[in-house]
2 protein chains.
Amino acid sequence: MQFLEVDLLTLSMETLRDELLTRANFSDEEVSGIISKFKTVSLDKKESFLSAGKVSDSIAYVEKGSLIYSQTSPEGDDIAIDFAFEGDFVTYLNSFLSDTASDIDITTNEPSILKTLSKTELYDLYQKYPKMERTGRLLLEEGLAKIAKGRTIFQTMDNQDRYLFLMKHSPHILQRIPQYHVATYLGIKPESLSRIRRNLST
Amino acid sequence: MQFLEVDLLTLSMETLRDELLTRANFSDEEVSGIISKFKTVSLDKKESFLSAGKVSDSIAYVEKGSLIYSQTSPEGDDIAIDFAFEGDFVTYLNSFLSDTASDIDITTNEPSILKTLSKTELYDLYQKYPKMERTGRLLLEEGLAKIAKGRTIFQTMDNQDRYLFLMKHSPHILQRIPQYHVATYLGIKPESLSRIRRNLST
DNA sequence: TTACTTTCTTAACAATTGTCAATGAAAAGC
DNA sequence: GCTTTTCATTGACAATTGTTAAGAAAGTAA
């Protein structure tokens with residue numbers, strides 16, 4: 001059991017290493033220096049990574065598991081904003097960049113292993129390894145393109161087409177996230193999603 | 001008239017200069033070297049900056065005027081995806097990053113003056129001025145935070161609240177963009193936006 | 001100015017979604 | 001095993017939005 005965990009961590013460490021290596025030509029020592037700053041955090045199901053009211057002062061690389069970004073409406077409903085899976089970087093930029101209180105929660109959807117890095121440590125790394133700026137820029141470019149596409153989906157498709165799009169392009173979301181969270185993520189009520197699914201199966 | 005235009009260009013040039021200066025400590029020579037690579041382009045109303053089917057191979061800084069990102073639905077309707085105003089950088093990242101054909105159009109909403117830079121020139125600048133990576137990263141961070149917020153609005157607010165949000169946070173859009181474009185931007189039909197406006201005024 | 005085009009509003013009806021309440025199924029805890 | 005909780009589905013009705021078509025208002029050009 002001990003060995004299994006060590007294997008798992010070793011494997012996961014290499015994943016983050018690959019992530020960094022593919023985006024800039026760091027030397028092995030540089031990559032090790034960067035990775036050594038990350039801290040491993042294990043969270044149970046439904047544990048919080050970021051709570052509304054607190055400042056998002058770190059980023060996390062998802063080694064294993066999944067997380068849900070959610071916002072509580074004035075009526076008290078929880079609305080899913082986004083999801084994160086293995087290989088994703090997690091933070092709430094609106095809070096992170098301006099050091100202001102977050103209006104969203106980020107909680108685990110299942111037991112998860114994260115590699116975290118504080119904002120201070122990240123900025124130290126930018127200072128120490130200027131090539132990191134490129135890694136940061138490339139990750140942000142990909143993230144921006146992805147989320148912009150997501151917003152376009154909302155503007156151009158109706159509810160059923162959004163669900164079909166999710167089935168086609170993000171089946172892992174439907175497999176791993178409870179359906180009522182998928183519904184609010186699509187901007188509709190769980191009952192409406194049930195109806196859409198029923199219509200599709202006939 | 002000649003003088004007026006020169007004044008205008010000089011003024012506008014300094015705007016882009018400020019944009020660069022505030023995000024990294026470039027020397028005056030560096031800023032001049034960077035800015036000299038931009039080309040000034042004047043477009044009339046409803047002229048195209050990017051057409052669907054073509055690759056987005058340049059970025060543009062909006063010196064004056066406004067532009068509309070739009071997508072044509074399978075039914076042939078034009079849907080506004082985003083708008084750009086003075087001070088914004090314009091490109092379609094999905095196409096720009098992967099050199100694939102764009103599925104959206106970017107056209108001027110009014111006569112506009114743009115400062116354009118080709119992808120090749122931009123990457124040369126990243127190479128020549130490593131500090132540019134930081135400028136790029138910072139612009140992307142702001143852009144990502146902004147567009148992520150926009151998507152959250154879609155997921156958490158109903159149509160009326162989205163319109164009220166736009167009134168409060170982006171009144172310039174309502175002042176300068178035709179209402180039927182604002183409607184599709186909000187994900188609704190122009191007739192629905194009219195109804196919402198009528199309900200609000202009673 | 002007049003004529004023309006574009007944009008915005010209105011109304012009636014159809015279609016979709018939300019709301020509320022009840023039931024069934026699946027998962028979690030004991 | 002059982003019980004309890006959570007989640008998904010269904011149906012009836014209300015509320016909202018889409019559709020279609022018409023006309024009013026605003027903007028453009030001759």
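Below, chains carry the letters A, B, ... as their sequence lines are ordered, and counting in each starts from 1.
- Atom-to-atom, CD of A:E191 to P of D:dA12 comes out at 16 Å; the value is rounded to the nearest Å.
- Within 4.0 Å (heavy atoms only), A:I188 reaches sugar-phosphate atoms of the nucleic acid but no base atom.
- End-to-end axis angle of the helix from C:dT1-D:dA30 to C:dT23-D:dA8, using five pairs per end and rounding to 10°, comes to 50°.
- Using bins of under 30°, 30° to 60° and over 60° for the plane-to-plane angle, the ring pair B:F154/A:F154 lands in the tilted bin.
- Taking every nucleotide of DNA chain C with any atom under 4.0 Å from a non-hydrogen atom of chain A, the first and last of them, 5' to 3', are C:dT17 to C:dA28.
- By the 30° and 60° cut-offs, the orientation of the rings of A:F83 relative to A:Y185 is tilted.
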Next item on the list: Under the salt bridge (Lys or Arg N to Asp or Glu O under 4.0 Å) rule, what do B:E191 and B:R195 come out as? Steps first, then yes or no, please.
Entry: CA-CA 6 Å; B:E191 296 90 337; B:R195 269 190 295 227; over 6 Å; no
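- A salt bridge links A:R137 and A:E141; the closest N-O separation between the charged side-chain nitrogens and carboxylate oxygens is under 4.0 Å.
- Considering only side-chain N and O atoms, A:R198 lies under 4.0 angstrom from the phosphate OP1 or OP2 of D:dT10.
- To the nearest angstrom, C1' of D:dT20 lies 14 Å from CG of B:D77.
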Margin query: One pair to check against salt bridge (Lys or Arg N to Asp or Glu O under 4.0 Å): B:R23 and B:E142. What are the steps and the verdict?
Written below: CA-CA 12 Å; B:R23 287 189 172 75; B:E142 292 169 26; 2.7 Å; yes
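- Between B:S192 and the phosphate of D:dT17, there is no side-chain N or O to OP1/OP2 separation shorter than 4.0 Å.
- In this structure, the CD atom of B:E110 is 14 Å from the P atom of D:dG27, given to the nearest Å.
- Residue whose closest nucleotide on DNA chain C sits further toward the 5' end, between B:R195 and B:Q179: B:Q179.
- At whole-Å resolution of the value, NZ in A:K189 and P in D:dT17 are 13 Å apart.
- For A:Y180, whose side chain is taken as the heavy atoms from C-beta onward, the closest listed nucleotide among D:dC7, D:dT9, D:dT28 is D:dC7.
- Around the NZ atom of A:K131, the shell of radius 6.0 Å holds more than 12 heavy atoms that belong to other residues, nucleotides or ligands.
- Atom CG of A:L193 and atom C1' of D:dT10 are 14 Å apart (whole Å).
- In this structure, A:D158 reaches neither bases nor backbone, as no heavy-atom distance under 4.0 Å exists between it and the strands shown.
- For the pair A:K119 and A:D99, the salt-bridge criterion is met [side-chain N within less than 4.0 Å of a carboxylate O].
- Classified by interplanar angle (parallel below 30°, tilted 30° to 60°, perpendicular above 60°), the ring pair B:F38/B:F89 is tilted.
- Around CG of A:D158, the count of heavy atoms belonging to other residues, nucleotides or ligands within 6.0 Å exceeds 12.
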